[in-house]
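Excluded from the calculations below are hydrogen atoms, water molecules and symmetry mates; all remaining heavy atoms, backbone and side chain alike, are included.
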Amino acid sequence: MKAYDEDDGNDEYGEYGEYGKRDDHGKHDEHDEHDEHDEHGAAESTGTGARIPLPRASVEDGGRVLPDPAPVALEHQVLTSLLGAWALAACSAQEAAAVDEHLGQCEACADEALRLREAVTLLQRPESLDLDPALRTRVLDGCLERRPPRIPVPEWATSYDAETARLDALLQDFGDAEWHAPVRLRWFEGDDTASRRTTVAGVIAHLLTVDGTVAVALGLDDPLGDITAPTRAPAARTEAYWRASHYPPTRAVRAPWREQSHGIVRTVAFTGDAGGLPVSYGDFELPLRDAMLDRAFECWVHAEDIAEAVDCPYEPPSARHLNGMIDLAARMLPGALAARRRAGLAAPAHRPHLVAAGEPGRSLRLEIEGSGGGEWLIPLDSPGAVGSTDHEVAHVALDGVEFCRLAAGHVSPAEAAAGQVGDREAIRDVLFAAASLSRL
């Protein structure tokens with residue numbers, strides 16, 4: 001057998017070699033498929049004969065460190081013009097690297113870059129992590145538009161519903177240290193401030209007992225239970241509850257307070273839109289619709305007291321709810337002014353006789369600016385008189401939140417930041433009357 005054919009220079013087995021030859025029936029040898037696989041694998045491993053290259057791994061997938069951007073060579077004038085974009089982090093990687101290198105060599109540019117970075121921090125104020133107080137209202141409004149409730153909560157009760165929910169959200173993560181944090185309750189008596197020291201849990205106990213006046217008017221259980229208070233006044237009810245407690249109030253007071261607030265909201269939903277049911281506060285009464293605004297106002301004020309005690313930010317109510325609270329205070333001012341006049345704490349009426357009910361009299365224009373603002377004409381000579389622009393003798397401008405804090409006794413009338421024009425005596429009397437609306 002010869003190994004080589006001298007005529008054609010081919011292997012004696014032809015084009016396919018020994019294992020690639022065909023048998024007489026035109027079929028491959030049994031080793032055909034296996035050998036082709038071996039040849040393909042060998043081609044891949046050696047890199048010869050491969051028609052499709054293998055995919056290349058990226059730097060990120062391979063775990064290798066990305067190369068640092070090489071600084072580009074720029075002139076001093078160009079680098080100076082890039083300082084503003086550099087301070088805003090708006091440069092490309094190469095430009096930022098060039099500026100960084102330049103700042104280490106040029107003292108003038110380094111000082112300018114520092115000033116620009118400080119200016120950038122003033123362009124956007126740090127945002128609070130707390131949710132916008134109007135967010136809950138917007139979400140509920142959207143839900144109720146899609147599926148209106150069979151028995152809706154009256155509009156005059158929505159502020160109480162919102163403020164109790166916001167306060168409950170503040171309390172939910174409190175530990176023992178926060179529940180026993182000291183809180184100083186402040187209000188205004190006569191011509192001076194008054195205060196009472198308690199704890200966060202004590203504040204919730206106070207809200208529980210005073211909200212109980214509304215609960216009792218609605219036919220719900222009185223949170224005082226068997227405890228007897230000398231009067232129905234909020235301060236008397238609160239002091240009676242505090243004295244009857246064998247131990248200082250703890251986190252356990254949160255559950256009955258929240259359950260009572262839910263019960264009040266559910267019950268007022270069945271009263272309709274009238275809200276005229278009288279609610280007794282001891283020495284005075286308020287219709288139910290105003291009592292609910294009063295309770296919402298006090299809930300917000302004491303929530304701020306609690307937030308201040310635990311060093312936590314707390315936002316004012318939404319503009320719509322804040323406007324309702326300001327309107328209630330404005331409507332109560334003539335009566336408060338008359339009460340101070342009877343007690344000798346305010347200047348006597350300008351006329352020898354009080355103005356008849358329903359008639360116009362001397363008036364003060366109360367302008368509330370900012371969220372929830374508006375204008376109110378406050379009659380000065382009689383709680384039954386009607387405010388009149390023709391008889392306007394003074395004009396006072398106050399921020400909405402500042403006015404509410406004045407009405408809560410947290411800001412003294414002398415310190416209230418107000419724009420004042422007109423009768424100074426009338427302005428003083430109205431500001432002190434606003435502070436006298438506060439109580440424990």
Is the number of heavy atoms from other residues, nucleotides or ligands within 6.0 Å of CZ (Arg258) greater than 12? yes
Stepwise side chain to side chain contact (heavy atoms under 4.5 Å, CB included) check, Trp376 with Leu364: CA-CA 8 Å; Trp376 288 264; Leu364 177 142; over 6 Å; no
Looking only at heavy atoms, which two atoms of Pro317 and Met325 are closest? And how far apart? CG-CE, 4.0 Å
Could you pull out the closest heavy-atom pair between Ser363 and Leu380, with the gap in Å? C-CD1, 4.0 Å
Will you find, in the side chains of Gln420 and His395, an N or O donor that is under 3.5 Å from an N or O acceptor? no
Considering all heavy atoms, the nearest Val214-Ala291 contact: CG2-CB, 4.2 Å
Within the structure provided, determine whether Leu170 and Cys312 are in side-chain contact (heavy-atom separation under 4.5 Å). yes
Residue pair Val411 / Glu402, side-chain heavy-atom distance below 4.5 Å: yes
Do Pro154 and Met292 have side-chain heavy atoms sitting under 4.5 Å apart? no
With salt bridge (charged side-chain N to carboxylate O under 4.0 Å, His left out) as the criterion, how do Arg405 and Glu304 come out once you've worked through the C-alpha distance, each side chain's angles and the decisive distance to 0.1 Å? CA-CA 10 Å; Arg405 288 174 178 156; Glu304 280 198 335; 2.9 Å; yes
Considering all heavy atoms, the nearest Ile227-Ala244 contact: CD1-CB, 3.5 Å
Would you list the pairs meeting ring-ring contact (aromatic ring centres under 6.0 Å, His included) in which at least one residue belongs to residues 79-120, sequence neighbours left out? His76-His102
Stepwise salt bridge (charged side-chain N to carboxylate O under 4.0 Å, His left out) test for Arg320 and Glu155: CA-CA 10 Å; Arg320 181 176 59 178; Glu155 179 64 27; 3.7 Å; yes
Contact list for residues 169-183, test side-chain hydrogen bond (donor to acceptor under 3.5 Å, both in side chains), sequence neighbours left out: Asp176-Arg251
Polar side-chain atom of Ser245 near backbone of Pro248 as donor-acceptor pair, under 3.5 Å: no
With a 4.5 Å heavy-atom cut-off, do Arg196 and Trp187 have their side chains touching? yes
Any side-chain heavy-atom pair of Leu167 and Leu207 under 4.5 Å: yes
Side-chain touch Leu286/Leu293, heavy atoms, less than 4.5 angstrom: no
Decide side-chain hydrogen bond (donor to acceptor under 3.5 Å, both in side chains) for Arg186 and Ser195; before the verdict, give the C-alpha distance in whole Å, the side-chain angles of both, and the deciding distance to 0.1 Å. CA-CA 4 Å; Arg186 295 166 291 167; Ser195 64; over 6 Å; no
For the pair Trp300 and Phe297, name the ring-plane relationship: parallel under 30°, tilted 30 to 60°, perpendicular over 60°. perpendicular
Tightest non-hydrogen contact, residues Leu288 and Leu218, listed as CD2-CD2, 3.9 Å
My understanding is that only residues two or more places apart in sequence, or in another chain, count here; which of them pass side-chain hydrogen bond (donor to acceptor under 3.5 Å, both in side chains) with Glu369? none
Residue pairs passing the ring-ring contact (aromatic ring centres under 6.0 Å, His included) test with at least one member in residues 206-244, sequence neighbours excluded, are His206-His302
Considering all heavy atoms, the nearest His321-Ala162 contact: CE1-CB, 3.7 Å
Suppose the criterion is side-chain hydrogen bond (donor to acceptor under 3.5 Å, both in side chains): which pairs have a residue in residues 107-117, not counting sequence neighbours? Glu112-Arg115
Is there side-chain contact between Glu367 and Leu398, with at least one heavy-atom pair below 4.5 Å? no
Using only heavy-atom distances, determine whether the side chains of Arg237 and Thr209 contain a donor-acceptor pair under 3.5 Å. no
Which residue pairs satisfy the side-chain hydrogen bond (donor to acceptor under 3.5 Å, both in side chains) criterion with at least one member in residues 425-440, sequence neighbours excluded? Asp294-Arg439
